[in-house]
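Read the structure below first, then the notes.
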Amino acid sequence: MGTTPTPLRRFLDYAVLSVLAFIFILPVIYLFLGSLKPSDEVLNGLSGFLPTHLSFDNYSAVLDSLDSDSTGYFWRFMGVSLLLAFVVVTGGLFVNSMAAYGLSRLKWRGRNAVFTLILLLMLVPFESVAVPLFYMFNDQRNTLPILALPFIANAFSVYQFHTFFRSIPPSIEEAARIDGAGPWRTFFAIIVPMSKPAFASVAILTFLIQWGSFLWPVLMVSDPSVRPLPLEMSVFQGQEPPDWGQILAFGVLLVLPVLVVFAFFQRWFVQGVASSAVKG
């Protein structure tokens with residue numbers, strides 16, 4: 001059994017963690033403060049942390065500059081990103097959880113070989129297959145489905161679900177089978193409610209990856225009406241002369257949905273991390 005940490009050890013642990021947390025949050029603080037400052041005061045080094053001349057003018061300027069047919073509409077770019085993230089996250093939770101359940105619980109020939117193949121797919125970076133996918137789906141460019149469908153099935157998500165499902169005692173499913181529940185009912189009525197931490201973890205990580213997706217939209221999108229927000233930010237940043245206050249304000253608007261999603265799922269996400277640490 002582990003020994004209880006001494007007050008000094010606990011204080012040192014919290015002190016180190018607090019310093020690390022502060023270091024990691026510094027760029028976020030700089031982003032937020034810079035988005036409230038005039039452009040000529042943003043790139044002033046450490047003085048950029050001083051809360052002077054703050055206003056929401058940069059946010060108004062960003063929304064006003066992206067409010068016409070020639071420039072596109074900010075809220076349309078936001079809507080495209082939210083729709084793509086919703087489709088990828090919800091579709092991924094359904095497809096990947098069911099695949100993991102079949103690999104972890106159902107007995108069928110070739111199961112281990114398929115799972116090994118999925119693990120190997122985790123080693124293949126998307127950049128190595130982006131160009132072949134571009135030529136395969138070139139006829140579907142500038143369509144919303146093609147921006148989402150390649151990312152619904154995800155090997156890492158299957159692995160996460162598989163690891164969690166393996167930790168659930170088989171006796172629970174055996175009891176459900178005795179009561180007459182089949183695999184479908186067992187999965188949706190018993191396994192899914194017990195797996196909220198796994199679903200929250202996969203949802204957050206999938207949303208983060210999809211929300212920041214850039215390479216695939218660069219290859220597949222030339223029509224502003226289906227342009228997601230990260231791609232539009234690169235276009236906005238490339239305008240001359242660059243207005244860094246407005247660019248940082250755009251960055252804050254890009255980050256806000258991520259914070260909302262994390263706040264919504266964080267309770268189950270923390271439970272999943274804690275349970276993984278205990279099992280480890």
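Values in this document were obtained by computation on a predicted structure and should not be read as measured data.
Smallest separation of non-hydrogen atoms from A85 and Q210: CA-CG, 3.7 Å. Taking each heavy atom of A203 and L93 in turn, the nearest pair found is N-CD2, 4.0 Å. Closest non-hydrogen pair, L219 versus F134, comes out as O-CE1, 3.3 Å. Considering every non-hydrogen atom in both A100 and F161, the closest pair reads CB-CB, 3.3 Å. Heavy atoms only, all atoms of each residue included: M220 and F137 are closest at CE-O, 3.3 Å. Summarising the geometry of S157 relative to N96, their closest heavy-atom pair is CB-ND2, 3.6 Å, with the distance given to 0.1 Å.
Summarising the local packing, CZ of R185 is surrounded by 12 or fewer heavy atoms from other residues, nucleotides or ligands at distances under 6.0 Å. Remark: F126 CZ is packed, more than 12 non-hydrogen atoms of other residues, nucleotides or ligands lying under 6.0 Å away. The local environment of CZ in F86 is sparse, with at most 12 non-hydrogen atoms from other residues, nucleotides or ligands closer than 6.0 Å.
Residues M194 and I168 meet the side-chain proximity criterion, which asks for heavy atoms closer than 4.5 Å. Contact annotation: the side chain of P217 approaches that of S213 to within less than 4.5 Å [non-hydrogen atoms, C-beta and beyond]. Annotation: side chain of P38 is in contact with side chain of H53 (closest heavy-atom distance under 4.5 Å). The shortest side-chain heavy-atom distance between F32 and L36 falls under the 4.5 Å cut-off. Counting only heavy atoms from C-beta outward, the side chains of Q246 and D57 never approach each other to under 4.5 Å. At a threshold of 4.5 Å between non-hydrogen side-chain atoms, the residues P257 and M78 count as touching. Side-chain contact between V114 and W108 is present, with heavy atoms from C-beta onward closer than 4.5 Å. Using a 4.5 Å heavy-atom cutoff, the side chains of I247 and M233 are in contact.
To the nearest 0.5 Å, the span separating OG1 on T116 from CZ on R111 amounts to 11.0 Å. The distance from atom CG of L229 to atom CZ of F77, rounded to the nearest 0.5 Å, is 8.5 Å. Interatomic distance, CZ of R141 versus OG1 of T143, reported as 10.0 Å (0.5 Å rounding). The OG atom of S104 lies 9.0 Å from the CZ atom of F115; values are rounded to the nearest 0.5 Å. Going from atom CG of L248 over to atom CG of L33 covers 10.0 Å, rounded to the nearest 0.5 Å. Taking NZ of K37 as the reference point, atom CG of L43 lies at 11.0 Å (rounded to 0.5 Å).
A continuous path of hydrophobic side-chain contacts links L208 to V88 [ILVMFWY only; heavy atoms under 4.5 Å]. A single hydrophobic cluster is not seen to contain both I191 and I178; linkage of ILVMFWY side chains at heavy-atom distances under 4.5 Å, directly or through other members, places them apart. By the criterion of side-chain heavy atoms lying less than 4.5 angstrom apart, applied directly or through intervening Ile, Leu, Val, Met, Phe, Trp or Tyr residues, W244 is grouped together with V255 in one hydrophobic cluster. In the hydrophobic clustering of this structure, L121 does not group with M136; members are Ile, Leu, Val, Met, Phe, Trp, Tyr whose side-chain heavy atoms approach within less than 4.5 Å, directly or through other members. Both V131 and L149 belong to a common hydrophobic cluster when Ile, Leu, Val, Met, Phe, Trp and Tyr are linked at side-chain heavy-atom distances under 4.5 angstrom.
Residues satisfying the salt bridge (charged side-chain N to carboxylate O under 4.0 Å, His left out) criterion with E41, sequence neighbours excluded, are absent altogether. With sequence neighbours left out, F250 forms a ring pair (Phe, Tyr, Trp, His ring centres under 6.0 Å) with F74, F236.
Remark: side-chain polar atoms of S201 are paired, donor with acceptor, to backbone N or O of P197 under 3.5 angstrom. Looking at S97, its side chain does come within 3.5 Å of a backbone N or O of F94 through a donor-acceptor pair. Side-chain atoms of S195 do not come within 3.5 Å of backbone N or O of A198 as any donor-acceptor pair. For N58 (side chain) and S35 (main-chain N/O), a donor-acceptor pair under 3.5 Å exists by modelled atom type.
By the 30° and 60° cut-offs, the orientation of the rings of F56 relative to Y59 is tilted. Taking the six-membered ring for Trp and thresholds of 30 and 60 degrees, F187 and Y101 have ring planes inclined between 30 and 60 degrees apart. Note: F165 and F199 have tilted aromatic rings, judged against thresholds of 30 and 60 degrees for the angle between ring planes.
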Item to check | Trace of the side chain to side chain contact (heavy atoms under 4.5 Å, CB included) decision for I29 with I25 | outcome: CA-CA 6 Å; I29 297 174; I25 206 173; 3.9 Å; yes
Next on the checklist: side chain to side chain contact (heavy atoms under 4.5 Å, CB included) for W216 and V221? Distances and angles first, verdict last.
Outcome noted: CA-CA 8 Å; W216 187 240; V221 173; over 6 Å; no
Next on the checklist: For a side chain to side chain contact (heavy atoms under 4.5 Å, CB included) check, start with the C-alpha distance between L66 and W75, then their side-chain angles and the critical distance, and finish with the verdict.
Outcome noted: CA-CA 9 Å; L66 298 176; W75 297 114; over 6 Å; no
Checklist entry - Does the side chain to side chain contact (heavy atoms under 4.5 Å, CB included) test come out yes or no for F151 and L147, once each step is laid out? => result CA-CA 8 Å; F151 304 99; L147 292 177; over 6 Å; no
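For the side chain to side chain contact (heavy atoms under 4.5 Å, CB included) test with V19, the passing option among V16, L17, I23 is I23; the others fail.
Of the N and O atoms on the side chains of N142 and S222, at least one donor lies less than 3.5 Å from an acceptor on the other residue.
Using a cutoff of 4.0 Å between basic side-chain nitrogens and carboxylate oxygens, R227 and D223 are not scored as salt-bridged.
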